[in-house]
Amino acid sequence: MSADLVFTGGQVFTPGGTASAVAVEGELISAVGHDEVRALIGPKTEVVDLAGRLLLPGFQDAHVHAVFGGVELGECDLTGTTDPAEYQRRIRRYAEAHPEREWITGGGWSMESFPGGTPTRQLLDALVPDRPVYLVNRDHHGAWANTRALELAGLTADSPDPADGRIEREADGTPSGTLQEGATVLVARLVPPSTPEQRLAGLLRAQRLLHSLGITGWQDAILGEFNGQADPSDTYLAAAEAGTLTARVNGALWWDRSRGAEQIPELVERRARLRAGRFRADSVKIMQDGITENFTAAMTSPYLDSCGCATANSGLSFVDPQALLGYVTALDALDFQVHFHALGDRAVREALDAVEAARRANGWRDTRHHLAHLQVVHPQDVPRFRALGAVANIQPLWAAHEPQMDELTIPFLGGDSASWQYPFGDLLRAGATLACGSDWPVSSPDPLQGIHVAVNRRGHGEERPVFLPGQRLDLATALTAYTAGSAHVNHHDRTGTIRVGALADLAVLDRDPFAGPPEQIGATGVARTYVGGEQVWAAP
């Protein structure tokens, strides 16, 4: 029988072997080999000449916020620059173009753009004095608000900080305009929610972008209300039922850290309801800590001050570590995967302790718990990933010298902690399973840019020093983490590798990155993307 689709004349990234041709029948890969595959070409077969380019499994993002990112693309977009003057131009232009908007919302600004990482309300007041402005930063752990927004929220010098956040203040205690972590909710709760139509448009906008980058599936890391954003769960369900969701998506149901185990029956009900087409929600997201730049990542040693002296602050554990043991054990017993946000080394340890408690209570279950971000991992905890079957879900794009790292992180972590950052090589050598994600819209969703940093430990085209070079990965390992590793985390077991019987979720690169120097990996692009044998994107 002839195939529906044949790729030939290039290189194929396969597990443990080499190939130059692949055949697809329906949605499945039917043959992998060399010239013999051409025998499956018939009069109706579509033939794709790879012309020396690389065919690989579709990338999968193990930690992304697709709906949030897609909606933000339609708002005041501050991404792609760190110039405060450019931020001001964009904000003014957006406000003038949208006089009908009750609130000016959007985001993507970088902490490195402002002294201490904290922009002021006065900057926004000069641009939009008459309407509230609320702009999240690029890592979505902080927000920038103008005076009008702070007034509507009732925030004054007498307003206390919430337990899980901080209001940045002027000398007299007046809120300065920057809100950290849980303090963002004080203003975000007032922002008019996006409409179902806006969220669906955002999802489809994001899907087009992700497909253009060779991404065929992902795990959405927050299905729930967060930071002023509406729950995207029904958006995914509507797209899946309508057949417009072409990607394969597993969602992580948001764990409300203000509540306890009483929410678990609700999560069970939501998991059962949120299942259609290529969408399901079998994971639970627990955010255990914050980020290093605002000193909320949970650390085993205290942060330093600007003089290099130890402070009394070692970050926040958003969920009580002892309670976390029981929560994760209960979720594991119900076959939920737990998707941890664990950025500081204390949060990593607390998450691993919870996985260990679940393994001890429930035995070894195929729940594939994973820890995302892993900025700082104590060396004593590196071997525990393999021992517990906990997947290291890494965001490789962050493992490079940049102003946010060099000015807002390293000086305040200190020597040991700073040297334990993003230990990809150590985790690999210890036998951990690696998966990759972008955390978009926090950072670029382009897997090839992340892979470039994983291999080179600096950004494409950057001349900065290599960041902790002993933690570099080789190209094949990085590609595997972004394909088979993320497919494993996403429970997409019939994807992630090119083999007979697998689903034909594939990406054609515009070159073979193995054929050039590692420094040029980031110049690679995507020519075509397929999901289940159907082309979902082609370069113009």
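The first residue in the sequence is number 1, and the count goes up from there. Owing to the predicted nature of the structure, the values given are computational and were not obtained by experimental measurement.
- No option in H140, H63, K285, Q229 other than K285 meets the side chain to side chain contact (heavy atoms under 4.5 Å, CB included) test with I222.
- Taking 4.0 Å as the cut-off between side-chain N and carboxylate O, R278 and D505 do not count as a salt-bridged pair.
- In this structure the side chain of L55 never reaches within 4.5 angstrom of the side chain of V48, judged on heavy atoms.
- Between the side chains of H341 and Q288, no donor-acceptor pair is found at a separation under 3.5 Å.
- One finds a salt bridge joining R138 and E402 here, because a Lys/Arg side-chain nitrogen approaches an Asp/Glu carboxylate oxygen to under 4.0 Å.
- For the residue pair T216 / R248, no side-chain donor-acceptor distance below 3.5 Å is found, with atom types taken as modelled.
- By the 6.0 Å contact criterion, CD on Q535 is enclosed, its count of non-hydrogen atoms from other residues, nucleotides or ligands being greater than 12.
- Considering only heavy atoms from C-beta on, D234 comes within 4.5 Å of R273 through its side chain.
- Side-chain contact between N456 and R472: absent, with no pair of heavy atoms (C-beta onward) separated by less than 4.5 Å.
- Remark: R280 is not positioned above the aromatic ring of Y236, lacking an NZ or CZ atom under 6.0 angstrom from the ring centre and at most 45 degrees off the axis.
- Considering only heavy atoms from C-beta on, P396 comes within 4.5 Å of C436 through its side chain.
- Side-chain contact check for T246 and H211: at least one donor-acceptor pair (N or O, by modelled atom type) lies under 3.5 Å.
- A side-chain donor-acceptor contact under 3.5 Å links T477 and D474.
- Taking the six-membered ring for Trp and the full ring otherwise, the centers of W440 and H65 sit at least 6.0 Å from each other.
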Exercise. Could you walk me through whether H401 and I410 pass side-chain contact (heavy atoms from CB on, under 4.5 Å), step by step?
Key: CA-CA 10 Å; H401 283 290; I410 291 175; 4.1 Å; yes

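- Looking at D406 and R464, no side-chain N of the basic residue comes within less than 4.0 Å of a carboxylate O on the acidic one, giving no salt bridge.
- You'll find the ring centres of Y327 and F336 outside the 6.0 Å limit.
- When each of R365, R368, H370 is tested with Q337 by the rule side-chain hydrogen bond (donor to acceptor under 3.5 Å, both in side chains), just one qualifies, namely H370.
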Exercise. Starting from the C-alpha separation in whole Å, work towards a yes-or-no answer on side-chain contact (heavy atoms from CB on, under 4.5 Å) for T244 and Q207.
Key: CA-CA 10 Å; T244 55; Q207 182 172 253; 5.6 Å; no

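- Between the side chains of D446 and S444, no donor N or O sits under 3.5 Å from an acceptor N or O.
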Practice problem: Report the C-alpha distance between L352 and L388 in whole Å, list the side-chain angles of each, state the deciding distance to 0.1 Å, and finish with yes or no for side-chain contact (heavy atoms from CB on, under 4.5 Å). | Solution: CA-CA 8 Å; L352 290 172; L388 297 171; 4.2 Å; yes

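- The minimum heavy-atom distance linking T292 with A297 is given by the pair N-CB, 3.6 Å.
- A salt bridge links D164 and R257; the closest N-O separation between the charged side-chain nitrogens and carboxylate oxygens is under 4.0 Å.
- Looking only at atom types and distance, the side chain of T495 has a donor-acceptor partner in the side chain of Q60 under 3.5 Å away.
- Surrounding CD of E25 are more than 12 heavy atoms belonging to other residues, nucleotides or ligands, all under 6.0 Å away.
- Using a 3.5 Å distance cut-off with no hydrogens or angles, the side chains of H339 and Q219 do pair a donor with an acceptor.
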Self-check item: Criterion side-chain hydrogen bond (donor to acceptor under 3.5 Å, both in side chains) on T296 and N294, from CA distance to verdict
Solution: CA-CA 6 Å; T296 58; N294 66 12; 2.5 Å; yes

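- In this structure, I286 and F318 have side chains that are not in contact, with every pair of non-hydrogen atoms separated by 4.5 Å or more.
- A392 and L427 make their closest contact through CB-CD1, 3.9 Å (heavy atoms, listed as atom of the first residue, atom of the second, distance).
- Looking only at atom types and distance, the side chain of H373 has a donor-acceptor partner in the side chain of Q395 under 3.5 Å away.
- The heavy-atom pair separating V37 from V22 by the smallest distance is CG1-C, 4.0 Å.
- With contacts defined as side-chain heavy-atom distances shorter than 4.5 Å, the pair P513/L54 qualifies.
- Pairs of residues two or more places apart, or lying in two chains, that qualify as ring pair (Phe, Tyr, Trp, His ring centres under 6.0 Å) and include a residue from residues 479-511 are F59-Y482.
- When every heavy atom of W537 is checked against every heavy atom of R208, the shortest pair comes out as CD1-O, 4.4 Å.
- For residues 339-355, the pairs satisfying salt bridge (Lys or Arg N to Asp or Glu O under 4.0 Å) are R346-E350, R349-D381, D353-R384, with sequence neighbours left out.
- Ion pairing of E266 with R271 is absent here, as no side-chain N (NZ or NE/NH1/NH2) approaches a carboxylate O to less than 4.0 Å.
- In terms of heavy-atom proximity, L237 sits nearest to A276 at CD1-CB, 3.8 Å.
- Between the side chains of N490 and N250, not a single donor N or O lies within less than 3.5 Å of an accepting N or O.
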Quiz item: Are V338 and H369 close enough, and set up right, to give a side-chain contact (heavy atoms from CB on, under 4.5 Å), and what steps lead you there?
Solution: CA-CA 5 Å; V338 179; H369 305 308; 3.6 Å; yes

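- Aromatic rings of F412 and Y303 (six-membered ring for Trp) have centroids beyond the 6.0 Å cut-off, not under it.
- The shortest side-chain heavy-atom distance between F13 and T480 falls under the 4.5 Å cut-off.
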Side-chain donor-acceptor pairs under 3.5 Å in residues 514-527, sequence neighbours left out?
unit_1: T524; atom_1: OG1; unit_2: I521; atom_2: O; d: 2.9

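- Between L210 and P445, the closest side-chain pair of non-hydrogen atoms falls below 4.5 Å.
- Contact detail for S417 and V376: the closest heavy-atom pair is O-CG1, 3.7 Å.
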